[in-house]
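Read through the structure below, which is laid out as structure tokens, and then see the notes.
Since the structure is predicted, the reported quantities are computational estimates derived from the model, not experimental observations. Note on naming: letters A, B, ... go to the chains in the order of the sequence lines (proteins, then strands), and numbering restarts at 1 for each one.
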Amino acid sequence: MPDSLEPTLRNATIAVLVENEAGILARVVGLFSGRGYNIESLTVAPVDADRRLSRITIVTRGTDMVIEQIKAQLDRLVPVHKVSDLTLEGPHIARELALIKVVGKGEARMEALRLADAFRARVVDATIESFVFEMTGAGEKLDAFIALMRPIGLAEVSRTGVVAIARGPGGFEA
Amino acid sequence: MSATLQTAETRTMTGAEIVLQALKDNGVEVIFGYPGGAVLPLYDALFQQNAIRHILVRHEQAAVHAAEGYARSTGKVGVVLVTSGPGATNAVTGLVDALMDSIPVICLTGQVPTHLIGNDAFQEADTTGITRPATKHNYLVKDIRKLASTVHEAFYVSKSGRPGPVVIDLPKDILIGKGPYSEAPQAPHRSYRPQTEPDMASIRAAVRLLKGAKRPIVYAGGGVINAGPEASRLLGDFVRMANMPCTNTLMGLGAFPSEDPQFLGMLGMHGTYEANLAMHGCDVMLNIGARFDDRVTGRLNAFSPNSKKIHADIDPSSINKNVKVDVAIVGDAGAVLKALIECWQAEEQPQDQAAIAEWWRAIDGWRGTGCLQYRQEGSIIKPQHAVKRLYEITREMGHETFITTEVGQHQMWAAQYFGFQKPNRWMTSGGLGTMGYGLPAAMGVQIAHPDALVIDIAGEASILMNIQEMGTLAQYRLPVKVFILNNEYMGMVRQWQELLHGSRYSESYSEALPDFVRLAEAFHARGMRVTEASQLDDAIREMIAHPGPVIADIAVAKDENCFPMIPSGAAHNEMILAPGQEGGVTGVTDEGKVLV
Ligand SMILES: Cc1ncc(C[n+]2csc(CCOP(=O)(O)OP(=O)(O)O)c2C)c(N)n1
Ligand SMILES: [Mg+2]
């Protein structure tokens, strides 16, 4: 097949509002593994205790047809209230939080602090030979910071995965 | 129960009683099951009532297939009851079968008491974990206050939208404990509300395309059957009103009458020449309640290359899954057909009658090849002939006939040579292709239709996969007829080996078969063996006339292949029509060989 006919892949950030019940995460994850869709990132947490709702944010990648499939497949799960393709439905904000541990002494330590400052990462723990930085931002920004820390003494990274929300007054009601 | 003193909402019962009450309130009259430790409280409650009949099967897989047969022949939800652990795992094949064919089934599974869950207790299995991808939805009930509402919800989920199997896992302490009973809620479901009424803009777009078509075709599937008999009636009305040819999928047989002159037969891998060529050559295709399955489309990039496609389905995830369509209609097949008919009548644009007449001439040309012709010569019975005679004789005798099948060549011959004039008369395992489906499914059909003629068209290999159900037939005096097309081969496997693997018949010979006559007799049934073509008609009449269950072992030609055939990975217009033409199969690509 000539390259031009190769279907193009795109990223999609999908928000899913679900009943907060046992097994729902297994259903969503099982759907992705069972049908061979890929998950770049997945986050989940309760968002409305009174109405027992949780929100799942999934970043996935595929052709338009596959992403349509993913949304339709998610939507037909019984405990799913609503599915929204934030990437398609207008501007949205996507954020991720990372905790980044950097170990080192002397000049490396100073360099880590300077870069952290430039990236607006906060120091949330410090010893004479280490820092833990907390940083929130778009995934690429986190990637860039982590890459800079690597030669300096990157020891450990923990990331939340992406959470996202549409811009503007529009809501995402069940 | 003193219903006069207490309203239903405040009644307190044991969990087992709650389950039975909820089944009754949902119209259940019969359940198919098999007991065990975890479900003893339910069996005890069953013993003390008469409203629900329990049919004791011989294997839990068969319980699910029986419930499927019951559901498919009645349009009601089929209900299954099995114990924890092995009871539940044995049911899994049936559940996946029902999932693939969109059959409404509820399976109640026993579970170890809640405090033991996760401890590897005796006969514990993670039933909700195992059945999650095997069901439309499943529940583990951990709070007796939610038991009644869970059962009611399971019925709603199982039968609404695209139907499917639902598991309710019931820990033993929940069945024994006491709790309140509540009736089915009137309020709509919190999250699951599938769209059944089509959007009118898409209906109008479809009608405009269809009215302007020069070479239209209607391709109807199991969704029309699932939508109820009225949908099939509307399909007939629409097809005749629009003077279009109609083809049915394997799952859709009976949705449009086979004897109608506008019927092209089944399409797909073993479909008719005329159906497949019409699909290939059409300019507008209306798919209603079918899912562009790989058995139907053949090679996707060569599938109906020049047509505009309209797809109506109740499940939005079926649309644009395999084939990109031009008009998508989400809705119940009956509602869609009703809307299409109304819109068709209101739309002024005339059809191009001349073009359509020419289209019919092309179709008649393809019909002229007589792709289902065979020659019955000599004394060896051709399997096609056996099915054809079975059809003709049941038709002559005027019996209300229900057909189930196992899986293999005999299944395809049944689909090709047995005609169905009404929906809900044909039950076959289409999506999963489960050998061992037919006998238990026939059992479920016969329970629902005690006076009807119910025949399982079987292969000698498949029938052995649930042969134990002959015991159930005997116990409940179910006069099911098992009509075995005995070719002494796993014929469909042998056919693929012949055509694609150099005739190396690896493990596909049915060695050491039982004596089916004595096997029938051992199960208190009538056994017959037929080896001569000249005996066939009398044997069929005798089988039908016998008041009890029968196994008719029909010795058929051993090396017959099922044609027409579109080899895997080929296009509709690359079909093999007849023996001798298999040379064409050497053209199967490596890509095709990978396909199932
Ligand atoms: C449970 C199961 N195992 C294996 C298969 C693969 N399979 C499909 S058809 C077939 C042979 C069936 O033989 P028989 O019942 O004699 O039917 P025939 O094709 O000879 O008519 C096999 C093994 C299947 N469909 N189901
Ligand atoms: Mg066979």
Margin query: Given heavy-atom pairs under 4.5 angstrom as the criterion, report whether the side chain, backbone, both or neither of B:Arg190 touches chain A.
Written below: both
Check: Do the non-hydrogen side-chain atoms of B:Gln111 and B:Ile117 ever get within less than 4.5 Å of each other?
Finding: yes
Item checked: Partner of A:Met135 by side-chain contact (heavy atoms from CB on, under 4.5 Å), out of A:Glu96, A:Arg120, A:Lys141, A:Arg122 -> A:Lys141
Checklist line | Side chain, backbone, both or neither of B:Asn322 within contact of chain A (heavy atoms, under 4.5 Å) | finding: backbone
Check: Taking every heavy-atom pair that is under 4.5 Å apart, which of B:Ser191, B:Ser318, B:Pro316 has the most such pairs with chain A?
Finding: B:Ser191
Check: How many angstroms lie between atom OG1 of A:Thr60 and atom CZ of A:Phe32, to the nearest 0.5 angstrom?
Finding: 5.0 Å
Notebook entry, point to check: Which atoms of B:Asp315 come close to chain A, meaning under 4.5 Å heavy atom to heavy atom: side chain ones, backbone ones, both, or neither?
Noted result: side chain
Next item on the list: For each of A:Gly30, A:Gly34, A:Ala26, tally heavy-atom pairs with chain B at distances under 4.5 Å, and name the one with the top tally.
Entry: A:Ala26
Next item on the list: Answer with side chain, backbone, both or neither: which region of A:Val80 has an atom nearer than 4.5 Å to a non-hydrogen atom of chain B?
Entry: backbone
Next item on the list: Counting only heavy atoms closer than 4.5 Å, note whether A:Glu68 contacts chain B via side chain, backbone, both or neither.
Entry: neither
Checklist line | chain A contact via B:Lys324 - which portion, at a heavy-atom distance below 4.5 Å | finding: both
Margin query: Quick test of your reading of the model: are A:Asp143 and A:Arg159 salt-bridged, counting only N-O distances below 4.0 Å?
Written below: yes
Notebook entry, point to check: Ion pair present between B:Asp313 and B:Lys321, side-chain N to carboxylate O less than 4.0 angstrom?
Noted result: no
Note to self: Counting C-beta onward and ignoring hydrogens, is there a side-chain heavy-atom pair between B:Ile174 and B:Leu147 closer than 4.5 Å?
What the structure shows: yes
Margin query: Just checking A:Phe133 against A:Phe119, ring centres under 6.0 Å apart?
Written below: no
Margin query: Need one label for B:Leu140: side chain, backbone, both or neither, based on atoms under 4.5 Å from any heavy atom in chain A.
Written below: neither
